[in-house]
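Note sheet for the following structure.
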Amino acid sequence: MSITRRTARRSVRILGVASASAALSLALSSTALACNIREFSAEATCTGSQGSIVVTDKDASGTPATITVFLKTDAGETPVGKPQVVEGTREGATVSFDEDWKPSATYRIHVKTDRFNVDEDIQPDLVTPSTACKTEESPSASPSEKPSPSPSKSAPAESATPTPSASESSSAPAGKPSDNAPSPATGDSNLAETGANSNTGLIAGVAGALVVVGGGAVFFGMRRRGANSVR
C-alpha cells in the first residue's frame, strides 16, 4: 500500500470522527435548549389578603407555554381564571392567577407548548399552605384610647340653689321681687332710705315744747322770787 492511500484513509477517519463529534454536540445543545416540564414550578402566595397561584418558567429557549390552573375538589375540577401564556427565561418568567385559595387545597397546573410537544401537568400537584392569607384588620384601640363610658341617663343631682321653673321665671319680671315675698316694714324702709315720714319730727316737737315749758317755769320762778325779795 502506498503512502498516499494511507494518508487518504487517515484523513477520512479524522473527518468522520469530527463529524460525529459535531453531530453529538449539536444534539446535546438542542436537548439542553428544549422546553421541558421539569423547568416549570408553581406555588401559592399572598399579597396582603389577596391569594395567588404563581407559575414560574425557567425555560432558556423562551418557548411560549400555555398555563392552565384547576382547583381539585371531591366534586371534580374547577378552572381558575383563564389560561395564560408565558415565555420562559434562564432566570425565570412568571404568570400569576388571582385565587382566594383555602388552606390545604389542591391545584393541578397544566403546561402545553407548540414546540417540543410538551403537554403535561406539573408534578406533584400544588397543595396550598395550612394557613390562609391574613385578612386586613383595623388596628384595635389602645387602652388609653378606649372611649370613656357615657354618663348614665339617671336624673341629675339637685343643685343647692333651686332653679326657678319656666312658669315662675316668665311670670315674675327680672329684677323685681315676687308678689308673694314679704314687704319690708314701712318705718325701717323710710329710715334706711331718706328719714322722711318717720317719728323724728314728733320727738323733736315734744322736746321743743318741754324746753319752752321749762324755760317758762324758770322765768316765772325767778320773777316770783324777785317779788318776794322786794317785800
Side-chain angles (χ1 to χ4, degrees), residues 21-159 163:
S21 299
L24 180 60
S25 299
L26 180 61
L28 291 175
S29 62
S30 298
T31 302
L33 293 175
C35 182
N36 192 292
I37 191 62
R38 291 189 297 271
E39 296 168 339
F40 295 84
S41 61
E43 63 176 338
T45 64
C46 292
T47 303
S49 60
Q50 177 61 55
S52 301
I53 304 297
V54 179
V55 180
T56 303
D57 179 9
K58 291 187 176 181
D59 173 25
S61 67
T63 302
T66 302
I67 311 297
T68 310
V69 179
F70 300 91
L71 171 63
K72 299 176 71 173
T73 62
D74 295 338
E77 294 185 343
T78 304
V80 176
K82 295 181 179 180
Q84 299 188 44
V85 177
V86 59
E87 294 183 6
T89 62
R90 188 178 299 276
E91 294 76 16
T94 61
V95 288
S96 179
F97 295 79
D98 292 338
E99 171 69 353
D100 185 18
W101 50 265
K102 305 300 181 184
S104 302
T106 302
Y107 290 85
R108 179 173 70 89
I109 293 92
H110 187 77
V111 179
K112 187 177 186 311
T113 63
D114 294 333
R115 291 174 56 194
F116 307 110
N117 298 322
V118 177
D119 191 2
E120 304 177 54
D121 295 336
I122 297 177
Q123 294 297 333
D125 289 337
L126 171 64
V127 178
T128 60
S130 58
T131 304
C133 297
K134 294 182 179 180
T135 57
E136 297 180 357
E137 298 179 355
S138 57
S140 58
S142 60
S144 59
E145 296 176 354
K146 288 184 178 179
S148 58
S150 58
S152 61
K153 296 183 179 180
S154 60
E158 295 182 358
S159 59
T163 305

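Below, all heavy atoms of this structure are taken into account, side chains as well, without hydrogens, waters or symmetry copies. For this chain, numbers begin at 1 and follow the sequence in order. Computed from a prediction, not measured in an experiment: that's the story for all the values here.
Between the Thr106 side chain and the Val127 main chain, no donor and acceptor come within less than 3.5 Å of each other. Judged by distance alone, with hydrogens and angles left aside, the side-chain atoms of Glu39 form a donor-acceptor pair with the main-chain N or O of Asn36 at under 3.5 Å. In this structure, Thr63 contributes its side chain and Cys35 its backbone to no donor-acceptor pair below 3.5 Å. In this structure, Trp101 contributes its side chain and Pro129 its backbone to no donor-acceptor pair below 3.5 Å.
At a threshold of 4.5 Å between non-hydrogen side-chain atoms, the residues Ile122 and Val55 count as touching. Val80 is not listed as a side-chain neighbour of Lys82, based on a closest heavy-atom distance of 4.5 Å or more. No side-chain heavy atom of Gln84 sits less than 4.5 Å from a side-chain heavy atom of Val86. Using a 4.5 Å heavy-atom threshold, the side chains of Thr78 and Phe70 count as separate. Contact annotation: the side chain of Phe40 never approaches that of Thr56 to less than 4.5 Å [non-hydrogen atoms, C-beta and beyond]. Residues Ile109 and Thr68 fail the side-chain proximity criterion, which asks for heavy atoms closer than 4.5 Å. Inter-residue side-chain proximity for Ile67 and His110 is flagged as unmet; no heavy-atom pair is nearer than 4.5 Å. For the pair Pro83/Phe97, no side-chain contact is recorded, criterion being any heavy-atom separation below 4.5 Å from C-beta on.
Across all non-hydrogen atoms, the minimal contact from Thr113 to Pro64 is CG2-O, 3.6 Å. In terms of heavy-atom proximity, Val111 sits nearest to Ala65 at CG1-CB, 4.0 Å. Residues Ser61 and Phe116 share a closest heavy-atom pair of OG-CE1, 4.2 Å. Contact detail for Glu87 and Ala93: the closest heavy-atom pair is O-CB, 3.3 Å. Residues Ser52 and Asp98 share a closest heavy-atom pair of OG-OD1, 3.6 Å. Cys133 and Ser49 make their closest contact through CB-O, 3.9 Å (heavy atoms, listed as atom of the first residue, atom of the second, distance).
We find that Arg108 and Asp125 are not joined by a salt bridge, their nearest charged nitrogen and carboxylate oxygen being 4.0 Å or further apart.
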* Step by step, work out the side-chain contact (heavy atoms from CB on, under 4.5 Å) result for Leu126 and Ile53. => CA-CA 9 Å; Leu126 171 64; Ile53 304 297; 3.8 Å; yes
* Criterion salt bridge (charged side-chain N to carboxylate O under 4.0 Å, His left out) on Glu91 and Lys58, from CA distance to verdict -> CA-CA 6 Å; Glu91 294 76 16; Lys58 291 187 176 181; over 6 Å; no
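The distance from atom CD of Glu43 to atom OH of Tyr107, rounded to the nearest 0.5 Å, is 14.0 Å. Note: Asp59 CG to Thr89 OG1 = 9.0 Å, rounded to the nearest 0.5 Å. If you take NZ on Lys112 and CG on Asp121, they are separated by 13.0 Å, rounding to the nearest 0.5 Å.
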